[in-house]
Protein chains: 2
Amino acid sequence: MATLDDIAKMAGVSPTTVSRVINNYGSLSEKTKTKVFAAMKELNYQPNSLARSLKGKKTQLIGIILPGVSNPFFGQMVQEIEDQLFKKGFRIILCNAGNDANKERAYLRMLMANRVDGIIAGAHNLNIEEYQKVGLPIISFDRYLSETIPIVSSDNYHGGQLAAQSLLAAGSKNLQIITGANRPNSPTNNRLVGFKEVLDQQSLDFKLLEIPFSSSPNIKGLKIRELLLKKTIDGIFCTDDLTALLVMQQARELGIRIPEDLKLIGYDGTDFIQNYHPELTTIKQPIVDIVTMMIDLLLRRIDDSECELESTYTLPVKLITGVTTI
Amino acid sequence: MATLDDIAKMAGVSPTTVSRVINNYGSLSEKTKTKVFAAMKELNYQPNSLARSLKGKKTQLIGIILPGVSNPFFGQMVQEIEDQLFKKGFRIILCNAGNDANKERAYLRMLMANRVDGIIAGAHNLNIEEYQKVGLPIISFDRYLSETIPIVSSDNYHGGQLAAQSLLAAGSKNLQIITGANRPNSPTNNRLVGFKEVLDQQSLDFKLLEIPFSSSPNIKGLKIRELLLKKTIDGIFCTDDLTALLVMQQARELGIRIPEDLKLIGYDGTDFIQNYHPELTTIKQPIVDIVTMMIDLLLRRIDDSECELESTYTLPVKLITGVTTI
DNA sequence: TTGAAAGCGCTAACAA
DNA sequence: TTGTTAGCGCTTTCAA
């Protein structure tokens with residue numbers, strides 16, 4: 001692969017001059033530029049960004065650490081992140097951490113080794129201390145990581161409230177919430193808190209079913225089936241849409257009609273759900289705004305590592321009404 | 001951020017020695033190793049992989065160019081690619097090319113600039129020539145790019161055959177295929193070819209509806225609705241599962257019963273569909289095998305750029321029978 | 001078992 | 001307007 005020196009020789013100028021042409025820097029004669037451009041084209045030259053970055057420049061690389069991109073929610077989020085960062089001249093290194101703390105740890109070290117300019121983190125496996133000592137600009141999605149790492153999330157609390165209100169308004173009396181197993185320091189727990197609060201105010205009770213995030217859909221389906229078989233509830237809030245899909249599936253199989261016998265509301269409201277399951281009432285997270293916010297904050301930190309940021313940024317959710325809560 | 005020299009000074013040895021410790025190379029006394037490790041830990045040292053790569057080594061970076069990761073099929077594929085490459089010590093730079101040729105071109109240049117070790121490409125925007133001159137190991141998914149770039153794909157032809165056979169076996173007489181607009185040089189066109197061939201053999205006719213890949217689900221839904229309103233067909237093959245979901249949705253709204261009034265079969269068979277829409281009969285692409293194959297080929301090319309590879313690798317599909325073709 | 005020195009491809013003073 | 005030179009952080013001969 002051709003180097004800057006090759007171009008210099010071919011064009012009969014010094015390496016510095018070539019560098020100047022590439023970076024459009026300093027004063028250059030038209031003649032020189034033309035010669036250099038010709039040589040660059042001739043050799044299909046691409047400046048080596050490794051060398052460039054080694055010389056103290058930024059790498060224009062951002063690390064994205066998330067549970068995994070096969071989940072439509074994170075799929076859409078990554079796509080949005082990629083889209084926005086591309087326009088600003090950044091590339092992304094994708095790190096699916098799954099439920100694997102060791103993998104997340106390895107990725108963190110690797111991102112440091114690759115000298116990424118910053119990190120967007122939304123996985124939930126590592127202890128806070130491990131993020132403290134990374135020493136790189138980090139923005140967190142929906143997870144408390146440390147005093148100095150800003151969290152961006154949707155208004156989980158209000159989302160929980162909206163869910164409870166919707167079910168009640170639809171006439172449900174015996175409510176159930178199905179949520180992932182409680183995670184320490186996760187703002188997503190507030191979905192439950194908000195939900196509970198609305199019911200508490202009306203002195204109403206509700207059932208809680210926790211299913212670990214890492215459970216397979218089959219396992220989840222079984223637990224839901226068990227629950228539905230009891231036929232004691234008439235309104236369910238699932239803290240993610242995929243679980244709501246499983247509820248619909250099991251209900252269908254058991255002959256439980258939605259919304260006649262059972263009201264249902266989900267959480268996330270991805271494009272996917274809106275396009276392919278518009279029947280589902282759900283709380284929509286503002287993915288675009290979340291991403292815009294995260295990137296804005298991250299770039300500010302990259303520009304100025306000292307810059308003061310809030311510790312929490314909460315963006316409003318929106319109720320999308322389908323036919324499952326009519 | 002600490003450098004190798006810092007470690008050397010702190011441990012009271014030469015940079016060379018530190019390098020030897022890091023790479024576990026040459027003969028070293030236990031005492032030296034201990035000192036160096038201590039210093040590394042003390043300063044939370046991470047070797048700069050930019051510098052390392054600049055010195056002629058590989059970057060351990062692979063570029064992934066795909067239409068976009070918000071589609072569950074590509075989401076799952078990327079996740080699988082990431083998973084397998086991680087285990088082999090590679091990281092991925094994710095490039096969502098969408099339908100944007102300029103973006104794909106920019107990414108291609110950028111991957112060259114970043115000196116990735118290789119590329120997996122599955123987007124469909126660029127001319128073949130642009131891929132020719134990249135001069136990096138490339139493996140293609142489901143797309144002809146050039147003589148020297150191997151293509152890995154599922155057996156689209158046989159998938160098309162299976163689809164036709166299933167619909168016929170289920171008793172459909174008036175068949176329809178709904179597919180993305182024909183793309184030049186795409187093996188996916190063979191889904192149509194295989195479908196057609198089965199019908200031709202039985203001297204049966206069928207209708208063809210092409211909807212551009214880039215159309216929004218709403219647009220697609222409308223065209224499908226139009227089609228269903230005619231009530232002239234009783235069996236549909238969608239060349240992707242998401243479109244099949246739209247058919248189900250429109251049919252429901254129009255009171256057309258599946259499978260009683262209309263048989264339906266999709267294509268892709270992602271985990272997502274299998275978990276959340278097991279009712280849909282579909283042709284399953286062997287994503288894991290496809291990825292394993294692509295990575296195996298890519299790594300061989302990376303190890304030895306001269307190595308001879310076949311131009312096409314076709315992996316078997318599988319019929320997943322749901323209730324939409326009963 | 002260890003170290004000195006050169007160089008990967010580029011940028012950025014400083015000179016001319 | 002252009003060139004010389006040093007150096008980014010690492011690896012790798014070659015010597016000791």
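Naming convention: chains lettered A, B, ... in sequence-line order (proteins, then strands); numbering from 1 in each chain.
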### Message
Counting primed atoms plus P, OP1 and OP2 as sugar-phosphate and everything else as base, spell out the protein contacts along nucleotides 11-16 of chain D at 4.0 Å heavy-atom distance: B, S or - for each nucleotide, 5' to 3'.
### Response
BB----

### Check ion pair A:Lys103-B:Asp83 (N to O, under 4.0 angstrom)
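Here A:Lys103 pairs with B:Asp83 in a salt bridge, since their nearest N and O are under 4.0 Å apart.
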
### salt_bridge(A:Arg300, A:Asp304) N-O dist < 4.0 Å
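Judged by the 4.0 Å cut-off on N to carboxylate O distance, A:Arg300 and A:Asp304 do not form a salt bridge.
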
### Query
Going from CD1 on A:Ile92 to CD1 on A:Ile119, what distance comes out if it is rounded to the nearest 0.5 angstrom?
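Output value for this atom pair is 13.0 Å.
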
### Message
For B:Val13 and A:Asp5, find the nucleotide of DNA chain C closest to each by heavy atoms; which residue's nucleotide sits nearer the 5' end?
### Response
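The residue mapped nearer the 5' terminus is B:Val13.
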
#### Entry: Upstream residue (5' side of DNA chain C) when B:Ser29 and B:Arg115 are each assigned their closest nucleotide
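Nearest-nucleotide comparison on DNA chain C picks B:Ser29.
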
### Query
Between B:Asn48 and A:Gly26, which has a closest nucleotide on DNA chain D that is more 5'?
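Looking at the nearest nucleotide for each, A:Gly26 comes out on the 5' side.
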
### Query
Would B:Gln76 and B:Glu80 count as having a side-chain donor-acceptor pair, cut-off 3.5 Å?
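No donor-acceptor contact under 3.5 Å links the two side chains.
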
### Query
Between the side chains of B:Ser19 and B:Thr16, does any donor sit under 3.5 Å from an acceptor?
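No, because no side-chain N or O of B:Ser19 sits under 3.5 Å from a partner of the opposite role on B:Thr16.
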
### Query
Which one of A:Leu66, A:Ile120, A:Leu111 satisfies the side chain to side chain contact (heavy atoms under 4.5 Å, CB included) criterion with A:Cys95?
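Checked A:Leu66, A:Ile120, A:Leu111 against A:Cys95; only one passes side chain to side chain contact (heavy atoms under 4.5 Å, CB included): A:Leu111.
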
Look at all strands and tell whether [X] reaches a base, only sugar-phosphate, or nothing, counting heavy atoms closer than 4.0 Å.
X       : answer
A:Thr32 : sugar-phosphate
A:Leu54 : base
A:Ser27 : base

I need the [atom1]-[atom2] distance between [X] and [N], as an integer number of Å.
X       : N      : atom1 : atom2 : result
A:Lys31 : D:dT1  : NZ    : P     : 13 Å
B:Leu43 : D:dG9  : CG    : P     : 14 Å
A:Lys9  : D:dT2  : NZ    : P     : 19 Å
B:Leu50 : D:dC10 : CG    : C1'   : 11 Å

### Query
side chain to side chain contact (heavy atoms under 4.5 Å, CB included) with B:Asn71: which residues, sequence neighbours excluded?
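Listed in chain order: B:Phe73, B:Phe74, B:Leu242.
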
### Query
Does B:Glu104 use its side chain to pair, donor to acceptor, with the backbone of B:Ala97 at less than 3.5 Å?
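No, the answer is negative, given that no donor and acceptor are paired below the 3.5 Å cut-off.
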
### Query
Between A:Asn125 and A:Gly98, is there a donor-acceptor pair closer than 3.5 Å when you use the side chain of the first and the backbone of the second?
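At least one qualifying donor-acceptor pair exists.
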
### Range on DNA chain C touched by chain B - first to last nucleotide, heavy-atom distance under 4.0 Å
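Using the under 4.0 Å cut-off, the span is C:dT1 to C:dG9.
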
